[in-house]
Every structure is written in C-alpha cells, then in structure tokens.
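The structure appears right after this line, and notes come after that.
No hydrogens, no waters, no symmetry mates; every other heavy atom, side chains included, goes into these values.
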Amino acid sequence: MIDIKTVRNNPEVLKKALENRHAKFDIDGFLALDEKRRGLLVEVEQLKNKQNTNSKLIPQYKKEGKDVSALMEEMKALSDAIKELDAKVNAIDEEIEKIVYTIPNIPNETVPVGASDSDNLEMRRWEEPRKFEFEPKAHWDIGESLGILDFSTAGKVTGARFTFYKGLGARLERALVNFMLDLHIEKHGYTEVFPPFMVHRNSMVGTGQLPKFEEDAFKVWGTEYFLIPTAEVPVTNMYREQILDLKDLPIKHAAYSACFRAEAGAAGRDTRGLIRQHQFNKVELVKFCLPETSYDELESLTKDAEEVLQLLGLPYRVVKLCTGDLGFSSAMTYDLEVWMPSYNRYVEISSCSNFESFQARRAGIRFRRGPKDKPEFVHTLNGSGVAVGRTTACILETYQQPDGSVKIPEPLIKYMNGIDVIK
RNA sequence: GGAGAGAUGGUCGAGUUGGUUUAAGGCACCGGUCUUGAAAACCGGCGUAGGUGUGAGCCUACCGUGAGUUCGAAUCUCACUCUCUCCGCCA
C-alpha cells in the first residue's frame, strides 16, 4: 500500500498517478475521513490518560483508607465514554483500511502514460524471429502429434485449461525448470527456495493479490488457504514483519513453483495450448534491497531473466509497461515478450517489477541503516525467470522441423540426458 | 486425529492471588571513562506504531491472534493460530 502520509501531504501526486492508471478514487473524501479520525483520536487519548492516572490513585486511596466511591463513579463514566469513542475510531479505521488497501501503487516518473498494452514502450529486441521455409505448426498440434502434450485427457480428468505432459514433454518441462534454477543459482547468485504452494489470506494481502483481486485466486475448500498464483507470494512473505540485517541485503531468491490462476475474465482468450492455463510452472526471482538501489536491481533482474531466453535462443523483446497496463502493486514493470510463431506476435513470458515499498509496507518488511536508526521499508522486486509452460510452447514452435520433430536447444540437452531431438 | 506443555521487546527470561511494574534482570548492541590499542571493569543509552507540539518533550496503543469480564487485564474467561513432547495414522 502507499504511505498514508503521501495522501495527506501530496494528494496531487496521488491524484495524477491514479488518473494515469485510470483508477477512480475519492481522495478528498479520504482526507476528510483521516482528519476526523485524528480529531477523535486526540479526544479518546485524553480520556484514556485520565483513566490511567485515576487507576493509580485507587489502590493508593484504598491503602490510605479513603473512600473511593466518587472516584469509581468517575471511572465508570470515563470507561463508557472511552468505549463509545473507541468504537467510532475503530469504525473509521476499518473504512480507511478498506480504502487504502485498494489504492494501487504510484507509477515511477519514467513510466509512459498510456491506456493499454498498445502504449507500452519497446526498449530493445534480441534476435529476429525465425523465418520458416515451411508452414509452421502451433505447439498444441506439435505436442499432440508427438504424443507429449495431452489436452483432452486433462479435460476429462480435471477440466479446461489443464494439461498432461507426457514422456519427453514432461521431461522437457522438468529440464527447463532445472536449467533455469541452475542458471540463477549458480551464475546469478540467487538462493534457491522451494516454497509452500498454498498460503493464508494475510500473505495474499501482503503482496497485493488481496483484498482487491479475490476472484482471480483459487481458494482451498474447507480451509482459509489460497493456491499461490506465483511463488512471489510465499517468497516475499518469508520476511513479513521482520527487520532485515543491512549486511544481508540485497536478498535474492529463485524459486520454482506451480502457479494457480482462476483466469476470471479471460474466458475465450488463448483457449488452445499452454499459453493460459489454470496451473502452470514458473521459476520466480525475488529481491529485497535498499530503496536507492532498487532500480539498478530491476535492470539486473530483467537481464537475469533475459539470459534464459538468450541461452535457449528464443527471440524476444523487452517492453516497459505504460500506466494503463501496469499491475496493481508495481511502480515499474518490464515485460519480456517472446516470439510465438503460432500467434505471429510477441507473447509475455516474464514480468519484472519494482514494487518499491508498496509490498514491504503491507507485509512489514524493513531494515535498519545503523543501530540507532529508525527502521525503513525495503524495496521488493520480482520477475519471472521465466514462465516454464510458455517456454516449452515456444521451444516446440521455434525448433520444429519439417518432419514434425523438435530439436532441443543445446543448453537443455544435458538436462534431457543427452536427448537432442523429440520425434 | 488424541493427550500434555508453551507463546512476553534483537535474544534469553522474570512477572500470571487483576491496581505504586512505568514489562524486572542478563546477554547482544550503541556512546562514554580507563588503555599505546584491545579486552575486562565501570557509567549512561537501548522496542514498534500512532497522535500532539516550533522544540526539548508529552500522550496513547501493543506481552501469539481475536472476542469477553472489569472502573482497571501481560495477569481472569472463551475461541483460534503456531511451536514443543508423547501416542495414533500416513508419503
């Protein structure tokens, strides 16, 4: 969440930010509420002070044998008044909280103002898309004819937007997970984490998925647990309500997880293949760092993700999301979009974001510059490093051959136990 | 799933016949004295959040979480969460 003091002291900044995001929000109403709250707070705290003072007199008077009945009467009145005021303050607090948790982050100044993904800013491209000397097939056709992807059986067993990977398809998916993790752990200096795939409500609030986007998440029936939509949620929340040691920063984690998304509102979109599934695999990169380094960390995190695609030889481009396309919690996001031959366009395969203090404030993740210094919120970042299912799809399409077989990119061959082609 | 024990500031830990405890004390940490330097010793400081004030400061809340009893709760009641021990079951 954003800092309430930002709302108070710089309402214009926030108004502009929300306007750019096309988010409607009554800031003046909020400010009035905040002022009312502070007024009541002063009042009730004075009464509590009186109550505390009197409370010390009672045992003293009793000891001295004085009559305390008048004092007790006063205390009773105080108590009633305090309860009444406390209830008012609590009601306002709840209202304020409800509002503040649904305000999106303020975009960084360099984020282009725009309405939709068509206003995103292309930063760079890597390699040209492959030119096919034959009619390329889509990955769902390749996968089915090779017997390595089975969508209809998944439909029978579970439902739409699920997939069975079989044989070398399953092997390829697993090889990609290991390849990506090894790259980030051994070369890029991330510490591996294997997180729980379910979390409780507070964790979902901490990273910003709740309370606003509950319909996007799967909740486990009979429990208060949610299936994670990304490893970002458990990994970021590892440090919730903690003051981190300065010497440990930046903290860098790489985590594999399955990801579960209800995809509410995506009905009819990307219905074929691996692109939009209710369950998919992802290797996620998460960083915790000092505020002044977070934008450098975003650049390096993005490059870490890019290297996956470069090593696999998958042409891609990097775009900076505009204000209209930016995620709720993010201050700035680079998307990596890989060339998907079947779509004949670039498709998102990684999203690298700097949340600044937005998540840290929600989750209470802080650090101290020196022993005497006040705790400050860290900045959190994360990015896909990268989405595994989409990578599999892209490899099948990009490395397909006229005879229907698929070559395995060189760096994956050792993870495939020497297998260099799926046929 | 059953039985029992527990959860207090960065950490250990006292406080649990409700009220002069304002959450003691140790360790760690920070500053100082001493020392060539360090250690030790001694002195002082040392939680978080919110509010208020130009300021020193003052006030309020917080003892796992949430309700409740009471004029007053770390302390009493209830529910829940988590940890530990034992038993059962299980990959």
Tell me: [atom1] of [X] to [atom2] of [N], nearest whole Å?
{"X": "A:I58", "N": "B:A73", "atom1": "CD1", "atom2": "C1'", "value": "14 Å"}
{"X": "A:N90", "N": "B:G66", "atom1": "CG", "atom2": "P", "value": "11 Å"}
{"X": "A:K374", "N": "B:C46", "atom1": "NZ", "atom2": "P", "value": "12 Å"}

Quote, to the nearest angstrom, the [atom1] distance that separates [N] from [M].
{"N": "B:U48", "M": "B:G53", "atom1": "P", "answer": "23 Å"}
{"N": "B:G45", "M": "B:A24", "atom1": "P", "answer": "13 Å"}
{"N": "B:U17", "M": "B:C76", "atom1": "P", "answer": "7 Å"}
{"N": "B:U60", "M": "B:U20", "atom1": "P", "answer": "14 Å"}

| query | Can you find a heavy atom in the side chain of A:S145 that is under 4.5 Å from one in the side chain of A:K137? | reply |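 Yes, their side chains come closer than 4.5 Å.
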
| message | Whether A:R368 contacts B:C46 is assessed here as follows: a side-chain N or O lying under 4.0 Å from the phosphate OP1 or OP2. Is that the case? | response |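 False: A:R368 side-chain N/O out of range (4.0 Å or more) of B:C46 OP1/OP2.
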
| Can you check whether A:R361 has a side-chain N or O nearer than 4.0 Å to OP1 or OP2 of B:A49? |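 It does not, given that no N or O in the side chain of A:R361 lies less than 4.0 Å from OP1 or OP2 of B:A49.
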
Where do N or O atoms of nucleotides 75-80 of chain B meet protein N or O atoms at under 3.5 Å, pair by pair?
none

| request: Go through the structure and list residues passing ring-ring contact (aromatic ring centres under 6.0 Å, His included) with A:H278, not counting sequence neighbours. | output: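 ring-ring contact (aromatic ring centres under 6.0 Å, His included) check on A:H278 returns A:F162, A:F218.
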
| query | By ring-ring contact (aromatic ring centres under 6.0 Å, His included), which residues pair with A:F355, not counting sequence neighbours? | reply |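 Testing A:F355 for ring-ring contact (aromatic ring centres under 6.0 Å, His included), a comparison that skips the adjacent residues, returns none.
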
| query | Along nucleotides 51-65 of chain B, 5' to 3', which nucleotides get a B, which get an S, and which get a -, given that the test is a protein heavy-atom distance under 4.0 Å? | reply | SS------BSS----

Mind checking side-chain hydrogen bond (donor to acceptor under 3.5 Å, both in side chains) for [X] and listing every partner two or more places apart, or none if nothing turns up?
{"X": "A:R161", "answer": "none"}
{"X": "A:K187", "answer": "A:E307"}
{"X": "A:Q310", "answer": "A:Y316"}

| query | Pick from A:K287, A:H379, A:E297: which one makes a side-chain contact (heavy atoms from CB on, under 4.5 Å) with A:P250? | reply |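 For A:P250, the side-chain contact (heavy atoms from CB on, under 4.5 Å) test succeeds with only one of A:K287, A:H379, A:E297, which is A:E297.
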
| Where along residues 236-248 of chain A does a heavy atom come under 4.0 Å from RNA chain B, residue by residue in number order? |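 Listed by number, there are none.
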
| Heavy-atom contacts under 4.0 Å between residues 72-84 of chain A and RNA chain B, which residues? |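 Output list: A:M72, A:M75, A:K76, A:S79, A:K83.
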
| query | Is a side-chain N or O of A:D335 found less than 3.5 angstrom from the main chain of A:E337, in a donor-acceptor match? | reply |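 Here the side-chain-to-backbone pair does not exist.
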
| request: Can you tell me which stems RNA chain B forms, taking runs of 3 or more consecutive Watson-Crick or G-U pairs with both distances under 3.5 Å? | output: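 Ordered by first number, the stems with RNA chain B (at least 3 consecutive pairs each) read B:1-7 with B:81-87, B:10-12 with B:25-27, B:29-33 with B:41-45, B:47-52 with B:57-62, B:64-68 with B:76-80.
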
| Taking A:S353 as the fixed residue, which of A:N105, A:T333, A:T302 is the one that meets the side chain to side chain donor-acceptor pair (under 3.5 Å) rule? |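 Of all the options given, the one that passes is A:T333.
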
| message | Name the residue from A:R366, A:R368, A:R369 that meets the side chain to side chain donor-acceptor pair (under 3.5 Å) definition with A:E376. | response |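 Looking at A:R366, A:R368, A:R369, the match for A:E376 under the side chain to side chain donor-acceptor pair (under 3.5 Å) is A:R369.
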
Return all side-chain donor-acceptor pairs below 3.5 angstrom for residues 163-172 of chain A, not counting sequence neighbours, or 'none' if the list is empty.
| from | atom 1 | to | atom 2 | distance (Å) |
| --- | --- | --- | --- | --- |
| A:T163 | OG1 | A:Q277 | OE1 | 2.6 |
| A:T163 | OG1 | A:Q277 | NE2 | 3.4 |
| A:Y165 | OH | A:E173 | OE1 | 3.0 |
| A:Y165 | OH | A:E173 | OE2 | 3.4 |
| A:K166 | NZ | A:D150 | OD2 | 3.4 |

Would you list the protein and nucleotides 20-23 of chain B atom pairs, both N or O, that sit under 3.5 Å from each other?
none

